[in-house]
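Data block below; observations after.
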Amino acid sequence: MENTPIFAIMYDFDRTLSPRDMQEYQFIPSIGMTAADFWGEANSFGDRNKMDKILSYMYTMIKKSNECGVPLTRERVVNCGKNIEFFKGVTGWFERMNKFGIDNGINVEHYVLSSGLVEIIEGSVIGKYFKKIYASEFLYDENGVAVFPKSAVNYTSKTQFVYRINKGVLDVSNDRDLNSSMPDSDRRVRFQNMLYIGDGLSDVPCMKMVKAYGGSSIAVYNVNSDRRVVEDLLNHGRVDYMFPADYSENTDFDITVKNIIKKAAIEDSLIAEHNNQLKDAGDKQYSIFY
């Protein structure tokens, strides 16, 4: 319904929803490289040229594709999403959270804030569940071949998308409305109705920002990897909670997210009741005064 409050869950992608970097499932093998060699070459190129690491990996994708004689087309990049593996429970997570929200009188929306690629995420089995994917993206020529980065999202630029979701200004080309003053009452998603889920240091700016404005942040970790990074995030107050990256129903992670959504729904209900009573009291005062 139009007046139903909104709860926004924002996710990093690599190592948050999926165990590895998205390029490693299909693109890197397709150019005959190992993940270590590809990232080593991309990062070395970036270091030599004092270049943003996101731009350097995107450049390297185009360069290596051309060297292999296989142009980097949009169709090819999208197809790289088909073989992505996800943490346990991820594929059923979104519909389950949506239903839980509806059952509690609140609409749950899902967003990606990632340094990975829009096209690969769109091509994955979970791409259809996101209201908006904020990630890096190529610009393509008239033949659909990648020629230049259209957007490059790094760990600091991610924070602008939190504001976009908050204000409902989802079009990245619309900076005017994003930077315009907007009363809290007109903002589409209250900060308190936001949850950011990430896995590491690159997520810290968004985690701290959401947490500081009254929302919640969760750090997840692969049970097969070292959890000290997320423990450090929790110990230093950068996140509210930490859990294994298991999105299955009735895990502690699942229950905690549902409790956060339920809390937001209750707060929105109380705010609505308060506003209704103010309006009612104002109407009565008006009629008595006159």
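Starting from 1, each residue takes its place in the sequence as its number.
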Check whether Asp203 reaches the backbone of Met207 with its side chain - one donor and one acceptor, N or O, closer than 3.5 Å. no

Identify the two heavy atoms, one from Gln23 and one from Gly116, that lie closest to each other, and give their separation to 0.1 Å. NE2-CA, 4.4 Å

Could you tell me whether Asp184 and Arg190 have a side-chain N and a carboxylate O separated by less than 4.0 Å? no

Indicate the atoms forming the closest heavy-atom contact of Ser151 with Ala135, along with that distance. OG-O, 3.1 Å

Answer yes or no: are there more than 12 heavy-atom neighbours, outside Tyr155 itself, under 6.0 Å from its atom OH? no

Could you give the distance from OG (Ser56) to CD1 (Ile54), rounded to the nearest 0.5 Å? 7.5 Å

Tell me if the aromatic rings of Tyr129 and His110 count as close, with their centers under 6.0 Å from one another. no

Any salt bridge linking Asp232 with Arg228? Criterion: basic side-chain nitrogen under 4.0 Å from a carboxylate oxygen. no

Are there more than 12 heavy atoms of other residues, nucleotides or ligands under 6.0 Å from atom CD of Glu75? no

Measuring from Ser217:OG to Met242:CE, what's the distance to the nearest 0.5 Å? 13.0 Å

Tyr221 and Phe243: aromatic ring centres closer than 6.0 Å? no

Indicate the atoms forming the closest heavy-atom contact of Gly105 with Thr4, along with that distance. O-CG2, 3.5 Å

Treating Ser124 as the side-chain partner and Lys82 as the backbone partner, does any N or O pair qualify as donor plus acceptor under 3.5 Å? no

With a 4.0 Å cut-off, would you call Lys63 and Glu41 a salt bridge? yes

Just checking, any donor-acceptor pair under 3.5 angstrom between side chains of Thr16 and Asp199? yes

With clusters defined by side-chain heavy atoms of hydrophobic residues (ILVMFWY) lying less than 4.5 Å apart, directly or transitively, does Val78 cluster with Met58? no

Between Arg20 and Ile84, is any pair of side-chain heavy atoms under 4.5 Å apart? no

In one Ile/Leu/Val/Met/Phe/Trp/Tyr side-chain cluster, 4.5 Å: Leu17, Met194: no

Would you say the side-chain atoms of Lys211 pair up with the backbone N or O of Gly237, donor to acceptor, closer than 3.5 Å? yes

For a side chain to side chain contact (heavy atoms under 4.5 Å, CB included) check, start with the C-alpha distance between Leu117 and Glu137, then their side-chain angles and the critical distance, and finish with the verdict. CA-CA 5 Å; Leu117 292 168; Glu137 187 174 7; 5.8 Å; no

Assess the side chains of Ser44 and Asp47: does a donor N or O sit below 3.5 Å from an acceptor N or O? no

Check whether more than 12 heavy atoms from other residues, nucleotides or ligands sit under 6.0 Å from atom NZ of Lys167, and answer yes or no. yes

Flag yes if Phe130 and Ile6 sit in one hydrophobic cluster, no otherwise; membership is Ile, Leu, Val, Met, Phe, Trp, Tyr, and two members link when side-chain heavy atoms are under 4.5 Å apart. no

Are any side-chain N or O atoms of Asn104 and backbone N or O atoms of Lys262, one a donor and one an acceptor, separated by less than 3.5 Å? no

Can we say Arg96 and Asp254 salt-bridge, meaning some charged N sits less than 4.0 Å from an Asp/Glu carboxylate O? yes

Check: Trp39/Glu24 side-chain N/O donor and acceptor closer than 3.5 Å: yes

Please check this pair: side chain of Asn222 against backbone of Asn224, looking for a donor-acceptor N/O pair closer than 3.5 Å. yes

Near Lys208 NZ, under 6.0 Å, is it more than 12 heavy atoms from other residues, nucleotides or ligands? no

Is any NZ, NE, NH1 or NH2 atom of the basic residue among Arg164 and Asp175 found under 4.0 Å from an Asp or Glu carboxylate oxygen of the other? yes

Could you check Ser180 against Asp177 for side chain to side chain donor-acceptor pair (under 3.5 Å), going step by step and ending with a plain yes or no? CA-CA 5 Å; Ser180 297; Asp177 290 337; 4.5 Å; no

How close do Gln26 and Asn79 get, heavy atom to heavy atom, and via which atoms? OE1-O, 3.4 Å

Hey, is Glu122 close enough to Lys128 for a salt bridge, meaning N to O under 4.0 Å? no

Could you tell me how the ring of Tyr111 sits relative to the ring of Tyr134: parallel (under 30°), tilted (30 to 60°) or perpendicular (over 60°)? parallel

Sub-3.5 Å donor-acceptor pair from the side chain of Asn143 to the main-chain atoms of Val145, do we have one? no

Short side-chain to backbone donor-acceptor contact, Asp186 and Met182, under 3.5 Å: no

Would you please test Ile62 and Asn66 for side chain to side chain contact (heavy atoms under 4.5 Å, CB included) and show each step? CA-CA 6 Å; Ile62 295 175; Asn66 290 338; 3.6 Å; yes

Check the angle between the aromatic planes of Phe45 and Tyr59 and answer parallel, tilted or perpendicular using the 30° and 60° thresholds. parallel

If the test is side chain to side chain contact (heavy atoms under 4.5 Å, CB included), which one of Ile261, Ile255, Asn259 qualifies with Val257? Ile261

Angle class for the Phe86/Phe13 ring planes (parallel below 30°, perpendicular above 60°, tilted otherwise)? perpendicular

Supply the atom-to-atom distance Thr73 OG1 to Tyr140 OH, rounded to the nearest 0.5 angstrom. 7.5 Å

Does any N or O in the side chain of Ser216 come within less than 3.5 Å of the main-chain N or O of Asp240, such that one atom is a donor and the other an acceptor? no

Within the 6.0 Å centroid threshold, strictly below: Tyr247 and Tyr11: no

Measure from the ring center of Trp93 to the ring center of Phe87 and say whether it is less than 6.0 Å. no

Hey, quick one: are Ile9 and Val189 part of the same hydrophobic cluster, counting side-chain heavy atoms closer than 4.5 Å, chains of contacts allowed? no

Between Arg76 and Ser65, does any side-chain donor sit less than 3.5 Å from a side-chain acceptor? yes

Apply side chain to side chain contact (heavy atoms under 4.5 Å, CB included) to residues Phe94 and Ile126 and explain how you reach the verdict. CA-CA 8 Å; Phe94 304 97; Ile126 65 172; 3.8 Å; yes

Is it true that a side-chain atom of Ser157 and a backbone atom of Val153 form a donor plus acceptor pair closer than 3.5 Å? no

Step-by-step side chain to side chain contact (heavy atoms under 4.5 Å, CB included) determination, Leu113 to Tyr196: CA-CA 9 Å; Leu113 280 63; Tyr196 187 92; 4.1 Å; yes

Any ion pair linking Glu109 and Arg188 (charged N to carboxylate O, less than 4.0 Å)? yes

Got a second to check how far Asp21's CG is from Ile120's CD1, nearest 0.5 Å? 10.0 Å

Compare every heavy atom of Ile197 with every heavy atom of Val220, then report the nearest pair and how far apart it is. CG1-CG2, 3.9 Å

